[in-house]
Amino acid sequence: MNGYGVAAKLAALGGIALLAVVLAAKGHDAGYVFHAYLIAATAIAFAVYYARDFSFALVTSRPTTEDRYLDGVVKAGMIATVFWGVAGFLVGVVIAAQLAWPALNLDLPWTTFGRLRPLHTSAVVFAFGGNALIATSLYVVQRTCRARLAFGNLAWFVFWGYQIFIVFAATGYLFGITESREYAEPEWYVDIWLTLVWVAYFLVFFGTLLKRKEPHIYVANWFYLAFIVTIAMLHIINNLAVPVSIFGSKSYSLFSGVQDALIQWWYGHNAVGFFLTAGFLGMMYYFVPKRANRPVYSYRLSIVHFWSIIFLYIWAGPHHLHYTALPDWAQTLGMVFSVMLWMPSWGGMINGLMTLSGAWDKLRTDPVLRMMVMSVAFYGMATFEGPMMSIKSVNSLSHYTDWTIGHVHSSALGWVGLISMAAVYDLVPKLWSKSGLYSDRLVSWHFWLATLGIVLYASSMWVSGIMQGLMWREYDDQGFLVYSFADSVAAMHPYYVIRMLGGLLFLTGALVMVYNLVRTVRGGERTQALPGAPAWAS
């Protein structure tokens, strides 16, 4: 970097720090003031970094123009994925324990369930899942296009900008800064920052596709691109709001009433559809064939799967608003498209599982591939359960109950969690130039701890949710409710304890993964392959 470039960046960062101090001095609420000072501190930290002319990369020396691929940012993404995953799982165990034993809320504003719950969801969905998607997409697009990431170090801005977004969103929740919109809680200034980062992400990914040396665009890149573009559209429209003051955190949505509810769940369900489904399908379509050393079972089916998902998912959001003020035709529209989603979703599941044709024996000796296959199985189960729960007669029993919580976590932990962690296991030895993971036995332990944890979590919530729904609709001969709401809460206690134990098992598996990965990166001798493993795995 030349002296003029360093000087320009130092001037820009200095201006940002000065502006942030001014905003802090005029801030109307404590959370906003804290964020303003945090902006100033971040700008100063980066200014010190540039002033000392350190490498921008987190874990490697600055790549040269001769390097074929920019993998330093992918390495950083792997570290962030694991870190935020453990943090998110830990907070999840804490809030599960709070539901079982309310005294654990501690009567402090920043430790209550109401503030920790969005911290948990954002940490798992956007911090853990988002970093996994960004890192794997930047790895996959380079390999499948045979091209280095476009726009130089802009990918590093995406990485660091996304971490800044996560920190601002998380600390905002603890201060009570929230729009109270599911999966979209950050306030207006954090939303604006995320928009800038996401545009940069799109430019890096799409620019790499344009400069590809491979004429064909592999199907995984179609899913990643759909995830990037659609999430941008959803984020911008759902977060259209007017701040009360530029010196305060509070804003008000441009929408109101039932229109606001419809926009929110158009966003909310498609955040599931394109962030937690389409993006991770891109991951599946690259890593499962690569790990199994088999071609995709049916490339034609993958294309049909892609376009069906893209067209149908965007209409399914109204099924979250059954029996509300939303017009009945809109509710029915959401239900019909949700039911139709079952077919293309299972097309993707079948394609993923059938890719292992002729390679099923590898499941015995490769626990990473086993984890990938289990994730696809959970995907198939969740994409059957979701359409079923969207049917009005079923929804009348399931909605507002723990059944929905069980459904969400069987898919989030079983599908998103397992495929992400399997991808991390696959990439870490390659990125750090190791012959393999430190211990396949520890991966196997992780697999069984995670699977058992998911089963305990989801099954307890299915049972408790159905019981809740039945208790809430039980009437006596005179037409009065048999059970009070407090009765249903008391009946949930043993199931909440089981759920907490399931989450604890899942967290334990993640900690086993951290140990295994650290030993792998530090060069621990690989002597713990599974019995019967082939030569390439030992």
Legend entry - Exam field: side chain Ser396 to backbone Ser393, donor-acceptor pair closer than 3.5 Å: yes
Inset, instruction - For this output row, return yes or no: ring centroids of Phe506 and Phe89 closer than 6.0 angstrom. - result: yes
Legend entry - Parallel, tilted or perpendicular, as decided by the 30° and 60° cut-offs, for the rings of Phe227 and Trp198: perpendicular
Inset, instruction - Would you please indicate yes or no on a ring centroid separation below 6.0 angstrom for His322 and His399? - result: no
Inset, instruction - Would you please indicate yes or no on a ring centroid separation below 6.0 angstrom for Phe165 and Phe168? - result: no
Inset, instruction - Would you give the length of the straight line joining atom CD1 of Ile134 to atom OH of Tyr162, rounded to the nearest 0.5 angstrom? - result: 5.0 Å
Inset, instruction - Among Val416, Leu418, Leu353, Thr277, find the residue that satisfies the side-chain contact (heavy atoms from CB on, under 4.5 Å) test when tested with Tyr379. - result: Thr277
Inset, instruction - May I ask you to check whether over 12 heavy atoms, not counting those of Tyr323, lie within 6.0 Å of atom OH? - result: yes
Inset, instruction - Could you pull out the closest heavy-atom pair between Pro118 and Glu185, with the gap in Å? - result: CB-OE2, 3.8 Å
Inset, instruction - Measure from NZ or CZ of Arg291 to the centre of the six-membered ring of Phe287 and say whether it is under 6.0 Å with the direction within 45° of the ring axis. - result: no
Inset, instruction - Report yes or no: do Thr144 and Asn221 form a side-chain donor-acceptor pair below 3.5 Å? - result: yes
Legend entry - With His320, the ring pair (Phe, Tyr, Trp, His ring centres under 6.0 Å) member among Tyr267, Trp265, Tyr400: Trp265
Inset, instruction - Please determine, by modelled atom types, if His235 and Thr195 share a side-chain donor-acceptor pair under 3.5 angstrom. - result: yes
Legend entry - Modelled atom types, side-chain donor and acceptor of Thr355 and Tyr285, under 3.5 Å: no
Inset, instruction - Verify the neighbour count for atom CH2 of Trp222: are there more than 12 heavy atoms of other residues, nucleotides or ligands below 6.0 Å? - result: no
Legend entry - Asp328/Lys392 salt bridge by N-O under 4.0 Å criterion: yes
Legend entry - Phe113 CZ: over 12 foreign heavy atoms closer than 6.0 Å: yes
Inset, instruction - Start with the C-alpha distance between Ser249 and Glu187, add both sets of side-chain angles, then the distance that settles side chain to side chain donor-acceptor pair (under 3.5 Å), and finish with yes or no. - result: CA-CA 6 Å; Ser249 59; Glu187 270 289 1; 5.7 Å; no
Inset, instruction - Mark yes or no for whether Asn131, through its side chain, and Ala127, through its backbone, hold a donor-acceptor pair below 3.5 Å. - result: yes
Inset, instruction - Quick one: do Gln163 and Trp84 satisfy side chain to side chain donor-acceptor pair (under 3.5 Å)? Show the steps, please. - result: CA-CA 10 Å; Gln163 309 316 307; Trp84 291 118; 2.9 Å; yes
Legend entry - Student check: side-chain heavy atoms of Tyr201 and Ser137 closer than 4.5 Å: yes
Inset, instruction - Decide yes or no for Leu138 and Val158: does some side-chain heavy atom of the first lie under 4.5 Å from some side-chain heavy atom of the second? - result: no
Inset, instruction - Would you indicate whether Phe255, at its atom CZ, is surrounded by more than 12 heavy atoms from other residues, nucleotides or ligands within a distance under 6.0 Å? - result: yes
Inset, instruction - Output yes when a side-chain donor or acceptor of His319 lies under 3.5 Å from a complementary backbone atom of Ser338, and no otherwise. - result: no
Inset, instruction - Identify the two heavy atoms, one from Met283 and one from Ser420, that lie closest to each other, and give their separation to 0.1 Å. - result: SD-CA, 3.9 Å
Legend entry - More than 12 heavy atoms of other groups within 6.0 Å of Trp448 CH2: no
Inset, instruction - Check the surroundings of atom CH2 in Trp101: do more than 12 heavy atoms from other residues, nucleotides or ligands lie under 6.0 Å from it? - result: yes
Legend entry - Donor-acceptor side-chain pairing of Asn105 and Thr112 below 3.5 angstrom: no
Legend entry - Set of salt bridge (Lys or Arg N to Asp or Glu O under 4.0 Å) partners for Lys290, sequence neighbours left out: none
Inset, instruction - Taking salt bridge (Lys or Arg N to Asp or Glu O under 4.0 Å) as the test, write out the residues that go with Glu182, two or more places apart. - result: Arg117
Legend entry - pair Thr451-Met371: side-chain heavy atoms closer than 4.5 Å: no
Legend entry - Geometric class of the Phe280/Trp415 ring pair [parallel <30°, tilted 30-60°, perpendicular >60°]: perpendicular
Legend entry - Check: Trp342/Glu385 side-chain N/O donor and acceptor closer than 3.5 Å: no
Legend entry - Contacts of type side chain to side chain donor-acceptor pair (under 3.5 Å), residue Trp472, not counting sequence neighbours: Ser488
Inset, instruction - Measure from the side-chain N and O atoms of Ser308 to the backbone N and O of His305, and report whether any donor-acceptor pair falls under 3.5 Å. - result: no
Inset, instruction - Return yes if some donor-acceptor pair links the side-chain N/O of Asn239 with the main-chain N/O of Ile236 below 3.5 Å, else return no. - result: no
Legend entry - Test item: side-chain donor near acceptor, Ser302 and Tyr297, under 3.5 Å: no
Legend entry - Cation-aromatic face contact Arg115/Tyr173, 6.0 Å, 45 degrees: no
Legend entry - Non-hydrogen atoms of Phe159 and Ala80 that approach each other most closely: CE1-CB, 3.8 Å
Legend entry - Check: Asn351 side chain, Leu301 main-chain N or O, donor-acceptor pair, under 3.5 Å: no
Legend entry - Main-chain N/O of Gly161 paired to Trp193 side chain as donor or acceptor, under 3.5 Å: yes
Inset, instruction - Verify, without hydrogens or angle tests, whether Thr324 (side chain) and Leu321 (backbone) share a donor-acceptor contact under 3.5 angstrom. - result: yes
Legend entry - Leu456 backbone acceptor or donor facing Arg499 side chain under 3.5 Å: no
Inset, instruction - Could you tell me whether Phe306 and Phe223 have their ring centroids closer than 6.0 angstrom? - result: yes
Inset, instruction - Would you sort out whether Tyr224 and Thr136 count as a side chain to side chain donor-acceptor pair (under 3.5 Å), showing the intermediate values? - result: CA-CA 10 Å; Tyr224 279 127; Thr136 57; 3.0 Å; yes
